[in-house]
Amino acid sequence: MAAKIFSPVDILSIIDLEIAFINRYKNVKDYAKNLSLIYFSLPSTKEYSELFEKFLRQTDVVIRENEHYVVVLHGTNERGASELLSGIQEFLNAEPIDLIVSYPKDGRNAKELTTKLQDEIKDNYGVLLEMLSNQEKFEAFESMI
């Protein structure tokens, strides 16, 4: 079974949950202590279930906004994320993309990680993703809970 696909509105909650698990189990031997986010874009004219089956794990989370994808890779450091992203680009026969942010190196929480990723995407591709840019509305919702 491949990765799970979630709505863009869930991105901050998913990342915060993953970080909470890392912090809760940080003293447990062999427990994953890293989290990485990768970005890539796919032409929306094709079905990519084979890609997700081949490269992504059941514990990975895919969040899609139009043809843009952010994948949350549980237990994956920057090197592992880079290898996975290279495999995806090779599969697509596409120019390599190296947009990766990792916890705890690039941010201590979901907001810092998504802000860093959005800055990298904007600087390299001129793309603004609503799921990474409209964080205030998610914070307002969380304060109501």
Side-chain angles (χ1 to χ4, degrees), residues 1-24 26 31-145:
M1 183 175 283
K4 305 290 185 249
I5 299 175
F6 286 84
S7 168
V9 299
D10 296 328
I11 191 165
L12 290 177
S13 297
I14 290 166
I15 297 168
D16 277 336
L17 180 63
E18 293 285 346
I19 291 171
F21 279 124
I22 290 170
N23 290 329
R24 177 170 170 98
K26 65 184 170 194
Y31 189 78
K33 296 180 177 37
N34 298 95
L35 168 75
S36 292
L37 308 178
I38 62 172
Y39 163 81
F40 56 92
S41 182
L42 300 173
S44 57
T45 57
K46 293 185 176 181
E47 175 61 41
Y48 290 102
S49 58
E50 179 186 351
L51 170 79
F52 295 147
E53 285 288 333
K54 183 174 182 173
F55 290 99
L56 301 177
R57 305 163 297 185
Q58 188 175 2
T59 56
D60 297 332
V61 174
V62 176
I63 301 171
R64 177 181 175 202
E65 183 177 311
N66 301 317
E67 70 274 6
H68 305 283
Y69 292 80
V70 172
V71 180
V72 180
L73 302 169
H74 176 78
T76 306
N77 62 22
E78 189 173 4
R79 188 181 60 129
S82 181
E83 290 173 11
L84 178 105
L85 193 51
S86 293
I88 290 171
Q89 296 304 311
E90 187 176 314
F91 178 86
L92 296 171
N93 197 24
E95 196 172 310
I97 293 177
D98 199 332
L99 289 181
I100 301 164
V101 296
S102 296
Y103 171 85
K105 178 184 164 240
D106 295 313
R108 296 166 297 173
N109 58 48
K111 188 170 184 176
E112 288 180 10
L113 287 170
T114 55
T115 298
K116 171 87 170 155
L117 184 62
Q118 179 58 80
D119 289 347
E120 293 289 324
I121 294 168
K122 183 180 175 197
D123 291 348
N124 287 284
Y125 300 102
V127 173
L128 285 173
L129 296 177
E130 185 175 336
M131 72 171 122
L132 301 177
S133 300
N134 287 333
Q135 297 178 12
E136 292 80 25
K137 70 179 179 182
F138 304 126
E139 289 173 4
F141 176 73
E142 287 177 355
S143 68
M144 294 171 42
I145 297 177

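Side-chain atoms are counted along with the backbone in the values below, which use heavy atoms only and exclude waters and symmetry mates.
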Minimum-distance pair of heavy atoms, taken over all atoms of [X] and [Y]:
| X | Y | result |
| --- | --- | --- |
| R108 | Y103 | O-CE1, 3.5 Å |
| V101 | D106 | CA-OD2, 3.3 Å |
| R64 | M131 | C-CE, 4.2 Å |
| P104 | N34 | CD-ND2, 4.3 Å |
| Q118 | V127 | NE2-O, 2.9 Å |

field: Residues, nucleotides or ligands: over 12 heavy atoms within 6.0 Å of E50 CD
entry: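 Incorrect, the count does not exceed 12.
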
Measure the spacing between [atom1] of [X] and [atom2] of [Y] and express it to the nearest 0.5 Å.
| X | Y | atom1 | atom2 | value |
| --- | --- | --- | --- | --- |
| F21 | L35 | CZ | CG | 12.0 Å |
| D10 | I63 | CG | CD1 | 7.0 Å |
| K122 | D119 | NZ | CG | 7.5 Å |
| I15 | I11 | CD1 | CD1 | 4.5 Å |
| K54 | S49 | NZ | OG | 13.0 Å |
| I19 | I14 | CD1 | CD1 | 12.0 Å |

message: Set out, in order, the CA-CA distance, both residues' side-chain angles and the distance that settles salt bridge (charged side-chain N to carboxylate O under 4.0 Å, His left out) for K116 and E120, then state yes or no.
response: CA-CA 6 Å; K116 171 87 170 155; E120 293 289 324; 3.6 Å; yes

query: Checking side-chain contact (heavy atoms from CB on, under 4.5 Å) for the pair L117/L129: CA distance, chi angles, key distance, verdict?
result: CA-CA 10 Å; L117 184 62; L129 296 177; over 6 Å; no

Just list the side-chain donor-acceptor pairs under 3.5 Å for residues 93-100, sequence neighbours left out, or say none.
none

Please tabulate, for the side chains in residues 71-86, all donor-acceptor contacts under 3.5 angstrom to protein atoms that are two or more places apart in sequence or on a different chain.
from : atom 1 : to   : atom 2 : distance (Å)
H74  : ND1    : E18  : OE1    : 2.5
T76  : OG1    : R57  : NH2    : 2.8
T76  : OG1    : H74  : O      : 3.2
N77  : OD1    : R79  : N      : 3.2
N77  : OD1    : G80  : N      : 2.8
E78  : OE1    : K105 : NZ     : 2.9
S86  : OG     : S82  : O      : 3.0

- prompt: Hey, what's the ring geometry for Y69 with F40, parallel, tilted or perpendicular (30° and 60° as the breaks)?
  reply: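 Rings of Y69 and F40: parallel, as their planes differ by under 30°.
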
- prompt: Looking only at atom types and distance, does a side-chain atom of E65 sit under 3.5 Å from a main-chain N or O of P8, one as donor and one as acceptor?
  reply: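 Not at all, since once roles are kept as given, no pair shorter than 3.5 Å links the two residues.
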
